[in-house]
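Heads up, the thing below is written out as structure tokens.
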Amino acid sequence: MPHHKSVFLETHNINNRAGGLGTFNYELIKGLSALNFENMKLTLNAKDVKLLESEFGEKFDYHKYTSLSRLGFFRTRTKYDLWHSVNQNTKVEPFHCNKYLLTVHDIHFIEEGSSDYNQELSKLFEAKLKKATAITYISEFAKKQTHAFFDVPNVSEYVIYNGNPISALLNTDSYVPNVPVDKPFFYTIGDFIERKNYESIINMMKFIKDFNLIISGNNNKKYGEEIKKLIVDQGLSNQVFLTGKVSDEGKQFYMKNCTAFLFPSIREGFGLPPIEAMSFGKPTFLSDRTSLPEIGGSESNYWINFDPEYMKTVLFTGLEEHEHNKPEKETLLKKRAASFKWETAASEYFNIYKKILY
């Protein structure tokens with residue numbers, strides 16, 4: 001191969017490992033680190049360079065992210081052969097742009113947030129699309145949405161699915177939950193934002209006697225307060241429990257011990273938690289919206305509306321079918337989860353770098 005080519009990965013979202021984008025950045029980097037870079041130098045952009053260096057050593061070069069670099073004048077002046085914009089909403093852009101790869105996760109901003117916010121992100125996104133040498137999407141749905149709302153340039157486009165974030169099964173025997181687990185329970189996890197649609201499953205719980213519902217995630221935002229109020233108003237305080245944020249050990253404890261995993265989200269660019277739950281062979285119940293059918297496949301159960309009694313029927317019908325063929329169903333669910341691999345995803349991204357550069 002000809003001389004060294006340089007690739008800059010705009011990965012500063014790795015700061016927030018708990019969020020979906022942080023997970024994406026970290027898992028992509030980890031997947032890439034296992035590859036042979038041949039004649040390429042990959043530079044990571046991060047606030048905490050030391051932390052990445054301690055894990056990946058000299059495999060990558062590192063660039064220290066500062067929030068100033070979001071402003072035009074302070075953009076990094078180094079010329080890279082390829083700039084990979086790892087998240088479509090980042091304000092960090094190259095000063096000099098040679099080749100540019102854009103990864104699109106979702107364009108929820110079109111349907112969420114105030115119109116000012118929407119316009120600002122749309123402008124930012126349009127500028128990225130114009131620069132793009134190639135575009136990757138994390139689901140067919142994300143691609144479809146982007147084409148529906150934006151004028152996408154005629155460049156190479158790829159859909160690359162994310163991997164399963166559960167690479168190692170942890171021993172959860174000594175985990176002490178902060179909510180009661182003496183009754184069988186349904187589980188869900190995610191940010192407390194409107195589109196997660198937790199109220200639908202809470203309203204369903206009014207019609208269900210012998211199970212609890214446990215919801216994990218940071219619930220101290222506005223939507224979290226609304227959900228807490230709903231639980232009290234529906235008289236479900238002894239049946240629906242919020243754990244707050246959980247560790248990986250906690251998440252795996254609840255996934256391993258739940259009766260079913262519920263994910264009624266109305267908008268997901270991809271949706272990792274259902275894959276995690278399928279890793280444990282758990283029956284998974286999803287809304288049929290946006291990218292979720294791509295994730296859950298025919299192995300999952302779907303709600304096509306959010307009427308609480310209808311949701312209960314779908315849930316118990318699905319549970320009965322699962323119990324009826326348990327070993328076979330569990331095997332299929334685990335196989336589905338295992339088909340989403342970060343190693344595969346990372347090597348697909350790397351192959352695109354090569355296609356663009358050579």
Side-chain angles (χ1 to χ4, degrees), residues 1-17 19 21-105 120-121 123-136 138 153 155-158 160 345-358:
M1 262 189 182
H3 74 292
H4 269 91
K5 295 278 191 185
S6 56
V7 183
F8 185 89
L9 284 86
E10 205 302 274
T11 48
H12 86 274
N13 287 110
I14 196 163
N15 286 346
N16 175 17
R17 291 260 179 113
L21 285 170
T23 303
F24 177 86
N25 280 266
Y26 174 70
E27 296 290 354
L28 174 61
I29 290 167
K30 201 166 91 176
L32 286 168
S33 73
L35 303 175
N36 169 7
F37 293 166
E38 296 155 35
N39 284 6
M40 267 189 255
K41 275 173 96 96
L42 273 54
T43 300
L44 308 178
N45 195 30
K47 201 170 175 174
D48 193 347
V49 165
K50 287 275 178 287
L51 185 68
L52 285 177
E53 231 169 352
S54 68
E55 184 168 356
F56 301 110
E58 290 176 4
K59 185 75 189 178
F60 297 98
D61 289 20
Y62 303 92
H63 180 270
K64 191 169 170 52
Y65 163 79
T66 67
S67 53
L68 272 180
S69 63
R70 306 197 321 234
L71 309 172
F73 183 75
F74 294 99
R75 288 177 178 176
T76 170
R77 305 282 168 137
T78 317
K79 286 191 169 89
Y80 292 93
D81 296 311
L82 171 62
W83 181 284
H84 182 182
S85 188
V86 176
N87 155 27
Q88 82 274 346
N89 292 345
T90 177
K91 293 190 174 69
V92 184
E93 294 286 12
F95 194 86
H96 306 280
C97 187
N98 293 332
K99 302 276 202 267
Y100 189 88
L101 174 64
L102 173 61
T103 292
V104 179
H105 296 256
E120 187 198 345
L121 285 181
K123 275 214 211 54
L124 184 75
F125 188 55
E126 278 167 349
K128 286 175 185 281
L129 286 172
K130 279 202 179 76
K131 269 193 282 214
T133 312
I135 304 169
T136 65
I138 64 167
V155 296
S156 299
E157 296 181 282
Y158 309 88
I160 302 177
S347 62
E348 286 180 27
Y349 282 102
F350 189 73
N351 286 337
I352 292 170
Y353 298 169
K354 286 200 288 202
K355 262 188 197 145
I356 292 173
L357 291 173
Y358 295 104

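Quick caveat, the model's predicted, so the values are computed rather than measured. For this chain, numbers begin at 1 and follow the sequence in order.
Between the side chains of Tyr358 and Glu38, no donor-acceptor pair of N or O atoms lies under 3.5 Å. Side chains of Lys59 and Ser33: no donor on one and acceptor on the other come within 3.5 Å.
Partners of Asn351 by side chain to side chain contact (heavy atoms under 4.5 Å, CB included), not counting sequence neighbours, listed by chain and number: Lys354. A search for side chain to side chain contact (heavy atoms under 4.5 Å, CB included) contacts involving Lys47 returns Asn15, Tyr65, not counting sequence neighbours.
Shortest non-hydrogen contact noted between Glu53 and Tyr62 is CG-CE1, 3.4 Å. Nearest heavy-atom pair across Leu129 and Pro153 is O-CG, 3.1 Å. Shortest non-hydrogen contact noted between Met40 and Phe350 is CE-CZ, 3.7 Å. Annotation for Leu82 and Leu101: closest pair CD1-N, 3.8 Å, computed over non-hydrogen atoms.
Contact check for Tyr353 versus Leu42: side-chain heavy atoms found under the 4.5 Å cut-off. In this structure, the side chains of Asn87 and Glu10 stay at 4.5 Å or more apart for every pair of heavy atoms. You'll find the side chain of Lys5 stays beyond 4.5 Å of the side chain of Asn98, heavy atoms only. Taking the side chain as every heavy atom from C-beta outward, Ile14 and Leu44 never approach each other to under 4.5 Å. Proximity of Ser6 to Thr43: side-chain heavy atoms (C-beta onward) are nowhere separated by under 4.5 Å.
Using bins of under 30°, 30° to 60° and over 60° for the plane-to-plane angle, the ring pair Phe24/Tyr349 lands in the perpendicular bin.
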| query | Which is it for Phe37 and Phe60 under the side-chain contact (heavy atoms from CB on, under 4.5 Å) test, yes or no, and what are the steps along the way? | reply | CA-CA 10 Å; Phe37 293 166; Phe60 297 98; 3.6 Å; yes
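With rounding to the nearest 0.5 angstrom, the CD atom of Gln88 is 8.0 Å from the CD1 atom of Ile138.
Remark: the backbone N or O of Thr90 is paired with a side-chain donor or acceptor of Lys128 at under 3.5 angstrom. Side-chain N or O atoms of His63 include none that pairs as donor or acceptor with a backbone N or O of Val49 at under 3.5 Å.
Residue-environment remark: NZ (Lys99) stays at or below the threshold of 12 foreign heavy atoms within 6.0 Å.
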